[in-house]
Number of protein chains: 2
Amino acid sequence: MNVLEKIVGSATSFSKSERKVADVILANPQITIHSSIAALAKMADVSEPTVNRFCRRLDTKGFPDFKLHLAQSLANGTPYVNRHVEEEDGPEAYTAKIFESTMAALDTARQHVDINTINRAVDVLTQAKKISFFGLGASASVAHDAQNKFFRFNVPVVCFDDIVMQRMSAINSSDGDVVVCISHTGRTKNLCDIAAIARENDATVIGITAYDSPLARECTLVLSLDVPEDTDMYMPMASRVAQLVLIDILATGFTLRRGSKFRENLKKVKDSLRGSRFEKKDFNN
Amino acid sequence: MNVLEKIVGSATSFSKSERKVADVILANPQITIHSSIAALAKMADVSEPTVNRFCRRLDTKGFPDFKLHLAQSLANGTPYVNRHVEEEDGPEAYTAKIFESTMAALDTARQHVDINTINRAVDVLTQAKKISFFGLGASASVAHDAQNKFFRFNVPVVCFDDIVMQRMSAINSSDGDVVVCISHTGRTKNLCDIAAIARENDATVIGITAYDSPLARECTLVLSLDVPEDTDMYMPMASRVAQLVLIDILATGFTLRRGSKFRENLKKVKDSLRGSRFEKKDFNN
DNA sequence: AGTTCTAATGTAATTAAATTACAACAAATC
DNA sequence: GATTTGTTGTAATTTAATTACATTAGAACT
């Protein structure tokens, strides 16, 4: 919890003089961080030790330390806020807002994601005989992306964005196979069925979906992101970015688990593209 | 520009002792902000005034002021330097690093993106008779995602991740058609060809690619993101997230341009999914 | 209402920290 | 090799923050 919030939060437990200090700080936080304890004391019309005591009450070591925390609060506060796009926004406004709310979403995702589950998912994936990525609608592109990452690892990977193929694939799965079901809401009936079928056939099912959703119930392992989606636009935006980052994390975990020798393989995959590309030097003349 | 970046940036202009100070600070920024000038001087094995001069060189009022700036830099959570995944990172470390470097990438993308071009791209897209999204490899999933967004707008949209189809589609394009080519490097030969073909057939070609790349040359409009990609993992990660956000921005711009009546259409598309989903109430009992 | 106790606040002294002025030194130039 | 310029450190000074203690205000109890 940042200091500014803490000041507001513990407002009731302040004494009269501490109140005065709090008010001055909240009114001019930016000035506060560049003031000495004497200047602030004068502004709040209290003595210097009162300011010092105020700082200590907020679990800081003293005034300088308090300023440090305050500075951090101020820096943190502004950047990543979830701002909604409004009807009258111009290109500048909506561009900024979408970038910022996406970053905000990633920030909350980072805080909510369960490292332990990620680790277990990586475990499961590294030991998989075959990995299947299933997604529908907007999540289909996430599934494709996942396939694009994991096929580089020289593991059998498939990706289906079609219920019929998914269903057939699920029925054919067996012990040692891993099925990754991707769905933001976790309420798509067909995908729930498919997860159930895969599990009945002894596959390990990893869900990249909402915690406490019907799909989550069907999964062996649930990777939940808890990203607040801006539904004003009726399109999945931030949630899908978070899903992709999660895929990146799983893929990274995978490569790290495999060790450095394996990483050379990845380079080979990348190098294989050379022929199909313009080299930088070709272009610079 | 934040202090950490500034330290890295002005690395060359430092003297020998200042270098020592910079190294110590970059290595333990968190410790630095809680140290006195004496402690830091000792760590860097220099005198106190040297540290002070170092602070002043970075346009701060002195050491305490420098610590304030440093605290703010750190607070942003965003990466400074060396947020790359290391061999020995555990799940906690690599998860944090990937989230942070992705957010950092979005932040730089936001700063570099040209609003004017975005606006023109939205113009072009709203007036398109048909929109085609082309991508190969990792960019294919971005193209799919774009299709998933734009088809909701009731405009003819196609998406191909296959050079043959792309080529045929490009040849058949005509005045009023918009082709969006997606490629991080902008050096994929086949895609450059396809962009050229589309333009020869009077289509407007929008490139989501690197500025100053062969592909960029072939495009009518270039949306450049300038995201520094961490190539350690040999996989496109941050760049692709930035591309997706850009797609979100274009889609949002599109809906805003079309006005509020149009937005009701979007809701209808979303509502159409209802039958295929578990309702929240169904699940809660 | 008066007394006593406790908590809150301020004053003054102390300590710690940062900055300045200046001297010594190293490296570069003539 | 001398001189100049720039860099670094030592010691003195100044400034800021903290502590110890005294005072006051307010609450609780007689």
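These numbers come from the heavy atoms of this one structure, side chains and all, not from hydrogens, waters or symmetry mates.
- If you check residues 43-54 of chain A against DNA chain C, the residues with a heavy atom closer than 4.0 Å are A:Val46, A:Ser47, A:Pro49, A:Thr50, A:Arg53, listed by number.
- Between the P atom of D:dA17 and the CD1 atom of A:Ile37 lies a distance of 6 Å, rounded to the nearest Å.
- Between B:Glu18 and B:Arg53, none of the side-chain N atoms (NZ, or NE/NH1/NH2) sits under 4.0 Å from a carboxylate O, so this pair counts as no salt bridge.
- Ring pair A:His69/B:His34 is tilted by interplanar angle, where 30° to 60° counts as tilted.
- With hydrogens and angles ignored, the 3.5 Å screen pairs a side-chain donor or acceptor of A:Thr60 with a backbone N or O of A:Cys55.
- Contacts of residues 57-64 of chain B with DNA chain C (heavy atom under 4.0 Å): B:Gly62, B:Phe63, B:Pro64.
- Looking only at distances, no side-chain donor or acceptor of A:Lys67 sits under 3.5 Å from a matching main-chain atom of B:Asp65.
- Nucleotide D:dG6 holds its P atom 14 Å from the CD atom of B:Glu18, rounded to whole Å.
- Applying the salt bridge (Lys or Arg N to Asp or Glu O under 4.0 Å) definition to pairs two or more places apart or across chains, those involving residues 20-37 of chain B are B:Arg19-B:Asp23.
- No side-chain donor-acceptor contact under 3.5 Å links B:Thr188 to the backbone of B:Leu191.
- In this structure, A:Leu40 places its CG atom 15 Å from P of C:dT9, rounding to the nearest Å.
- In summary, A:Arg120 and A:Asp123 do not engage in a salt bridge, as defined by a charged side-chain N under 4.0 Å from a carboxylate O.
- Nucleotide D:dA16 holds its C1' atom 15 Å from the CG atom of B:Asp65, rounded to whole Å.
- Between the side chain of B:Thr220 and the backbone N or O of B:Ile206 there is no donor-acceptor pair closer than 3.5 Å.
- Following rounding to the nearest Å, A:Lys20 (NZ) and C:dA8 (P) show an atom-to-atom distance of 15 Å.
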